[in-house]
Structures are given as structure tokens and as C-alpha cells.
Amino acid sequence: MLDIKFVRENKEAVKAAAAKKRMTVDVDRVLALDQQRRELMVRLDNDRAEQNRLSKSIGALPADQRAKAAEDVRDLKARLKVMEEEERALDGPLRAALLTLPNVPSPEVPDGLSDADNVEIKRVGTPRKFDFPILDHGEIGTRLGILDQERAARISGARQYMLFGDGCLLEHGILRMAIDHMIEAGFTPVQPPLMVRYEPMEGTAYFPGGEDQAYKMAKDDLYLIGTAEVPVTSIHAGEILDEAELPKRYVAMSPCFRREAGAYGKDTKGLYRIHQFWKVEQVVVDRNDEELSKQHHQTILGNAERLLQKLELPYRVVNVCGGDLGQPQVQKFDIETWMPSRGNYGETHSASRFHDFQARRLELRYRGKDGKVRYCHTLNNTVVASPRILIPLLENHQQADGTVILPEALRPYVAGRERLVARR
RNA sequence: GGAGAGGUGGCUGAGUGGCCGAAAGCACCGCCUUGCUAAGGCGGCAUGGGGUUAACACUCCAUCGAGGGUUCAAAUCCCUCCCUCUCCGCCA
């Protein structure tokens with residue numbers, strides 16, 4: 001959420017932000033509502049002051065004069081009541097409208113309409129040249145007997161997967177490796193709840209707007225998380241932290257649930273887009289400082305990159321363009337890992353910085369050394385998401401004989417296996 | 001699921017209708033004192049919004065889990081909801 005003061009003073013910047021993000025928002029309506037509300041508040045405050053003054057004076061009166069004095073306050077109260085109702089009628093729509101305004105993207109964010117316009121920043125590693133016909137990850141996994149999407153579909157419908165044997169160990173191993181990797185980087189592991197209330201969804205800016213993507217448990221008014229970002233960024237919601245405690249660096253592993261509404265017919269095959277997956281997520285909460293945020297952004301990007309390097313996977317980093325950027329982000333770097341079956345890089349990581357956009361919604365603040373209270377800055381990035389990461393892992397490391405060689409760093413996490421072979 | 005207790009400032013915690021935005025302690029900040037010291041003294045210190053100011057300051061409004069209500073007046077009384085704790089039941 002943007003600061004209403006900022007919107008007042010930077011109307012054109014907000015409009016430009018919306019245009020760059022290819023969003024349609026009504027900034028003028030927000031400002032009109034705000035103007036109305038402020039004018040009302042001045043009158044309301046004055047009348048309330050008057051009422052408070054009168055009420056206080058009644059307390060000092062002798063008992064026999066109170067009833068008459070109280071009488072005089074009553075019509076003032078009636079006026080107040082009308083204004084209070086007006087205020088309520090303005091507050092709701094104003095907040096709702098304010099929640100829809102986009103965060104202002106960094107000047108570094110390239111212009112563009114879709115992910116096709118994202119700008120490549122760097123490439124690391126070279127895609128392997130295969131001297132045999134390659135298989136896609138579905139084929140590899142099925143032949144090895146570690147993946148079964150058919151049975152998964154019978155049990156749970158489309159966009160589901162099941163892993164068996166070494167496939168199962170492989171997934172667990174990668175996730176655990178990612179956790180250890182992040183602990184080494186100084187992050188605190190957290191196990192967050194997987195079901196959350198509306199407020200964390202709104203606070204992290206998934207709601208309003210993303211309701212269709214979330215599984216809701218109607219009986220309990222709880223939502224299954226689509227990412228651990230939601231509960232983890234919300235850990236300190238409503239708190240005023242001490243500057244000395246910052247930065248907070250968390251890493252969380254969780255299942256993630258996404259309805260993928262509107263994605264019909266897109267990536268229907270394989271493990272790319274599914275309803276339930278695992279993700280290790282890194283979250284940083286720190287002071288309200290742009291430069292510091294940018295540094296953290298590079299750091300969490302680097303954390304993910306180093307993991308990919310340990311997994312010996314070629315990848316590239318893109319600077320996500322305006323049209324592909326979400327409402328809350330200031331800037332986003334995606335990491336795309338080489339996926340041989342696609343003959344292209346595919347998104348596996350997403351590193352975002354938000355400034356105080358989420359923090360303002362979450363009431364996530366800190367007291368600075370100067371004694372002033374400010375909203376924090378928040379950031380997050382994937383460390384690894386599975387099974388999507390299995391796509392490049394299986395495909396890049398596949399061998400002519402159908403086996404898959406595991407990168408050395410991963411082996412201790414997969415029961416010491418050097419290679420995945422078909423077992424029975 | 002049943003019964004009970006409670007939610008107050010960064011923290012602990014007092015406050016059952018006007019003198020309370022709120023005692024006291026801790027933490028923190030400033031100044032002073034002191035050099036034997038995990039010390040002492042004085043002062044400051046909730047958040048948001050508005051007015052005013054060059055600024056310091058001053059002032060008004062709201063907020064004591066959330067939302068309604070009673071009253072001239074609510075942290076304090078009533079209702080609903082949320083959360084925490086204790087006991088019982090059930091269960092992993």
C-alpha cells in the first residue's frame with residue numbers, strides 16, 4: 001500500500017507506475033475520496049472537541065445542574081452521529097481503492113509488456129551439448145520409476161505429481177540442502193503455518209486481487225498459502241521492532257498451494273505448473289533504506305545463484321519488465337534455469353523488493369536510533385522450488401543410458417547416490 | 001466440543017464511569033556525577049491524523065485486542081467477534 005500522502009503529492013508518478021505495470025487504476029478517485037474525507041474530518045474533529053469540552057465541564061457542575069447541561073449536548077451529538085456515518089461511508093471505499101494502487105517501480109525496471117520483454121542481465125554456465133536424443137523430465141522420471149503423474153491425477157486431479165523411491169529422496173534432499181545453504185548464509189530457519197487468515201494475504205499484497213489463485217477453507221475462513229512469503233513476512237506484523245534487531249533474515253520450507261486459475265491449457269504437461277509444490281523461501285526485513293534494500297536484493301539473488309551453481313545448472317538472470325511486474329514490487333529479478341526439453345530458460349526463482357509497500361499493509365515497523373518509528377522494507381526470493389527444479393536437474397544431468405548423474409554437492413542429501421538408475 | 005480466567009505503551013504491570021493517553025518498574029535516549037562501575041543523580045520517552053510554526057514549541061482529534069452499543073462523559077458498563085491461558089473431553 002502506498003502512503004496516502006505520497007499519492008497526494010505524487011499523483012503523476014503513481015499514474016506512471018500503473019502505466020508501466022500495465023495496470024488500470026483510478027488515482028483521481030482515490031484523491032477525490034481522500035479530499036472529501038479530510039474535509040469531513042476537520043469538521044468532525046472540531047465538533048468532537050466541542051463535545052469533549054462540554055462533557056468535561058459537566059463533571060464540574062453541581063449535581064442539580066447536570067441534567068440541563070447534558071440536554072444541551074444532545075443535538076451536538078446528533079450532528080456528530082451523521083458525520084460519523086459519512087466518515088464510515090468514505091473510509092471503506094478509500095482504503096479499498098488505496099489497496100489497489102501499484103507500488104512505484106524502480107527506474108531500473110525496463111519498459112515492456114510481458115516476460116518476453118524482460119532484460120537479461122547475465123548468463124552463468126553453458127547449456128550442455130547432447131550427443132544423444134534427449135528426453136524431457138516427465139519421460140526421464142517415469143522411466144526411472146520415480147515420477148507418476150497419471151496416478152497422481154487419479155487421486156487428486158490434474159496438475160498433481162507423485163514421487164517414489166529415489167525421486168522422493170531427491171526432492172527431500174534438495175529442499176534440505178537449500179535450508180542448510182541458507183543457514184550458512186546467516187538465515188534463521190522457520191516453520192510457518194500453512195494456513196493463514198485474510199490479513200496476511202492482504203498484508204503481503206496477494207489480496208485483494210489474487211483470491212482466485214488461493215485455496216480457501218470456507219468453514220474456517222483460512223487460506224492455504226501459495227508461498228511461505230505470506231506467513232513469514234507477516235511474522236512481525238503489528239509490531240514495532242527495535243532497529244538493533246534488524247535485519248531479520250528468515251528461511252522457510254513449506255508446501256505451496258496454487259489454484260492456477262486462468263492458466264488452463266498452459267504448461268499442462270510435466271512438473272512446471274502444478275497445484276501443490278514445495279518451496280524454500282528467503283525473506284528479509286530491514287530498515288527503511290533504499291540502498292540497503294538494493295544490497296539485500298543482490299544478496300538474496302546471489303544466495304539462490306550459488307545454490308544453482310552447487311546443483312551445476314546453467315541459468316540466467318533477468319530484470320523483470322514493468323508489464324510483468326506485480327502490483328507490490330519495486331523491482332524483481334527472475335532466475336531462469338536452462339531446461340533442455342524447452343530449448344530455453346524457464347523461470348525457477350523470483351527475487352523481489354518491495355520497499356515499505358508490504359510493511360505498511362502489515363503495520364510492520366521499527367523504532368530507529370533517532371527514536372522515530374518507520375515502516376520496514378521487505379524482500380524475498382526463492383531458494384529452491386520443487387518439483388520445478390527437477391525439470392532442469394533431471395534434464396541437464398541425464399545420460400544416454402537413461403540414468404541421471406547427481407551433482408556432487410547434492411549426493412550427501414540423497415542417501416549418497418551418485419546417479420539415479422531405474423530400480424524395481 | 002464443555003467450563004473458567006484474561007487481552008492496557010518496546011516489555012512487565014496498576015487502573016471498575018469524569019481528576020487517565022494511562023501509576024510504577026524495566027528497556028531506550030539526553031545531560032550530569034563518578035573512574036573501581038555490570039554504579040548513582042536529573043530529565044525525556046505510545047501510535048496515527050489535523051491545525052499552527054522558519055524551527056523549537058504549542059494545540060485539537062482518534063486509539064487501552066477488533067467492531068457495535070449505553071451515557072453529557074467509557075480502558076472502566078452491555079453485546080458480537082478474534083486471540084491467549086487453565087481445567088475437562090476427544091484426538092495425532
Side-chain angles (χ1 to χ4, degrees), chain A residues 1-9 30-31 33-96 98-99 191-203 207 216-223 231 234-248 255 285-288 356-357 359-376:
Chain A
M1 180 161 63
L2 292 174
D3 186 352
I4 185 67
K5 273 192 224 161
F6 177 86
V7 182
R8 261 176 230 147
E9 289 158 16
V30 172
L31 291 174
L33 286 169
D34 173 53
Q35 181 67 26
Q36 281 179 52
R37 183 172 175 281
R38 293 211 297 160
E39 284 166 8
L40 179 66
M41 288 308 285
V42 171
R43 290 190 289 133
L44 194 54
D45 277 2
N46 286 339
D47 280 11
R48 275 181 180 152
E50 175 72 0
Q51 195 206 354
N52 288 342
R53 203 178 55 73
L54 291 173
S55 288
K56 234 168 231 171
S57 69
I58 287 176
L61 290 175
D64 60 315
Q65 289 177 36
R66 287 190 184 181
K68 189 184 172 304
E71 190 65 36
D72 297 338
V73 186
R74 289 219 179 89
D75 65 309
L76 178 62
K77 277 192 65 181
R79 261 201 300 167
L80 271 172
K81 195 145 197 165
V82 173
M83 280 193 278
E84 275 165 4
E85 270 158 35
E86 278 179 61
E87 189 206 351
R88 254 173 265 169
L90 284 172
D91 272 349
L94 177 59
R95 183 177 156 76
L98 195 55
L99 281 175
Q191 183 56 61
L194 312 179
M195 301 180 250
V196 297
R197 298 160 170 259
Y198 187 90
E199 288 78 5
M201 295 299 285
E202 182 184 274
F207 291 176
K216 177 179 186 178
M217 286 158 290
K219 275 189 186 168
D220 303 288
D221 275 327
L222 289 170
Y223 301 85
S234 302
I235 290 173
H236 300 289
E239 297 182 21
I240 297 177
L241 300 166
D242 197 328
E243 180 171 335
E245 307 174 57
L246 298 173
K248 295 281 189 186
V285 176
D286 205 350
R287 308 196 314 258
N288 196 306
D356 57 11
F357 195 81
R360 180 170 286 107
R361 290 167 166 239
L362 289 166
E363 286 294 312
L364 166 50
R365 296 174 292 176
Y366 70 100
R367 191 182 306 279
K369 291 208 181 80
D370 57 2
K372 283 217 170 77
V373 174
R374 295 187 184 82
Y375 289 103
C376 296

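For clarity, every value in this text was computed on a predicted model and none was experimentally measured.
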* Asked: In whole Å, what is the span from the CD atom of A/E84 to the C1' atom of B/rU63?
  -> 14 Å
* Considering Watson-Crick and G-U wobble pairs with both distances under 3.5 Å, what does B/rU70 pair with? -> none
* Does A/N52 place a side-chain N or O at less than 4.0 Å from the phosphate oxygens OP1/OP2 of B/rC61? -> yes
* Please name all residues satisfying side-chain hydrogen bond (donor to acceptor under 3.5 Å, both in side chains) with A/R37, sequence neighbours left out, ordered by chain then number. => A/D91
* What residues form a salt bridge (Lys or Arg N to Asp or Glu O under 4.0 Å) with A/R88, not counting sequence neighbours? -> none
* Determine the Euclidean distance between corresponding P atoms of B/rG2 and B/rU12; express it in Å to zero decimal places. => 30 Å
* Structure fact -> Applying the 3.5 Å cut-off to both distances, the Watson-Crick or G-U partner of B/rA75 turns out to be none
* Rounded to the Å, how far apart are A/I240 CD1 and B/rG48 C1'? -> 10 Å
* To do: Sort out the partner of B/rC31 for me: Watson-Crick or G-U wobble, both distances under 3.5 Å, none otherwise.
  => B/rG41
* To do: Using the C1' atoms only, state how far B/rA22 lies from B/rU76, rounded to an integer number of Å.
  => 12 Å
* **Pairing partner (Watson-Crick or G-U wobble, both distances under 3.5 angstrom) of B/rG10** => B/rC26
* Asked: In whole angstrom, what separates A/M195's CE from B/rC83's P?
  -> 13 Å
* Are a donor atom and an acceptor atom from the side chains of A/E239 and A/Y366 found within less than 3.5 Å of each other? -> no
* What interatomic distance, in whole Å, is found between P of B/rG13 and the corresponding atom of B/rC72? -> 37 Å
* Could you list the residues that satisfy salt bridge (Lys or Arg N to Asp or Glu O under 4.0 Å) with A/D242, not counting sequence neighbours? => none
* By side-chain contact (heavy atoms from CB on, under 4.5 Å), which residues pair with A/K56, not counting sequence neighbours? -> none
* Structure fact -> With B for base contact, S for sugar-phosphate-only contact and - for none (protein heavy atoms under 4.0 Å), nucleotides 67-74 of chain B reads -S--BBS-
* To do: Return the nucleotide paired to B/rC87: Watson-Crick means purine N1 to pyrimidine N3 with N6-O4 or O6-N4, wobble means G-U with N1-O2 and O6-N3, both under 3.5 Å.
  => B/rG2
* Where A/L90 and A/Q36 come nearest, the two heavy atoms and their spacing -> CD2-OE1, 3.4 Å
* Asked: When the C1' atoms of B/rG41 and B/rU37 are considered, how many whole Å apart are they?
  -> 15 Å
* Asked: Taking CZ from A/R365 and P from B/rG9, how many angstroms apart are they, rounded to a whole number?
  -> 12 Å
* **Nearest-Å distance for atom pair NZ/P, residues A/K372 and B/rG10** => 17 Å
* **Nearest-nucleotide comparison on RNA chain B, the residue closer to the 5′ end among A/E363 and A/N46** => A/E363
* **Rounded distance in Å between the C1' positions of B/rG65 and B/rC58** => 33 Å
* To do: Quote, to the nearest angstrom, the C1' distance that separates B/rC85 from B/rC28.
  => 30 Å
* Structure fact -> When A/R48 and A/E239 are each assigned the nearest nucleotide of RNA chain B, the 5'-most assignment goes to A/E239
* Asked: Would you call the rings of A/F207 and A/Y198 parallel, tilted or perpendicular if under 30° counts as parallel and over 60° as perpendicular?
  -> tilted
* Can you tell me the distance, in whole Å, between the CG atom of A/L40 and the C1' atom of B/rC61? => 13 Å
* Base versus backbone protein contacts along nucleotides 49-54 of chain B [heavy-atom cut-off under 4.0 Å; B, S, -] -> BS----
* How is A/D72 classified with respect to the nucleic acid when contacts are heavy atoms under 4.0 Å: base, sugar-phosphate, or nothing? -> nothing
* Could you work out the separation of B/rG9 and B/rG1 based on their C1' atoms and round it to a whole Å? => 37 Å
* **Length of the line joining A/E243:CD and B/rC29:C1', which is rounded to integer Å** => 13 Å
* Residue list, side-chain hydrogen bond (donor to acceptor under 3.5 Å, both in side chains) with A/E87, at least two apart or on another chain -> none
* How many Å lie between CG on A/D370 and P on B/rG10, as a whole number? -> 16 Å
* Using side-chain hydrogen bond (donor to acceptor under 3.5 Å, both in side chains) as the criterion, list what pairs up with A/E71, not counting sequence neighbours. => A/R74
* Structure fact -> Applying salt bridge (Lys or Arg N to Asp or Glu O under 4.0 Å) to A/D370 and not counting sequence neighbours gives A/R374
* To do: Not counting sequence neighbours, which residues clear salt bridge (Lys or Arg N to Asp or Glu O under 4.0 Å) with A/D72? List them please.
  => none
* Without swapping roles, check the side chain of A/R367 against the backbone of A/I240 for a donor-acceptor pair under 3.5 Å. => no
Write out a two-atom table: protein N or O, nucleotide N or O from nucleotides 80-82 of chain B, distance below 3.5 Å.
from, atom 1, to, atom 2, distance (Å)
B/rC82, O3', A/R197, NH2, 2.7
B/rC82, O2', A/R197, NH2, 3.4

* To do: Find the partner of B/rA46: check Watson-Crick (N1-N3 plus N6-O4 or O6-N4) and G-U wobble (N1-O2, O6-N3) distances, both under 3.5 Å, and reply none if neither fits.
  => B/rU63
* Asked: Using atom P of each nucleotide, how far apart are B/rA39 and B/rA27 to the nearest Å?
  -> 9 Å
* To do: Can you sort out the partners of A/L76 under side-chain contact (heavy atoms from CB on, under 4.5 Å), two or more places apart, ordered by chain and number?
  => A/D47, A/E50, A/Q51, A/L54, A/R79
* Considering non-hydrogen atoms only, spot the tightest contact between A/L99 and A/E202 and give its length. => CD1-OE1, 3.7 Å
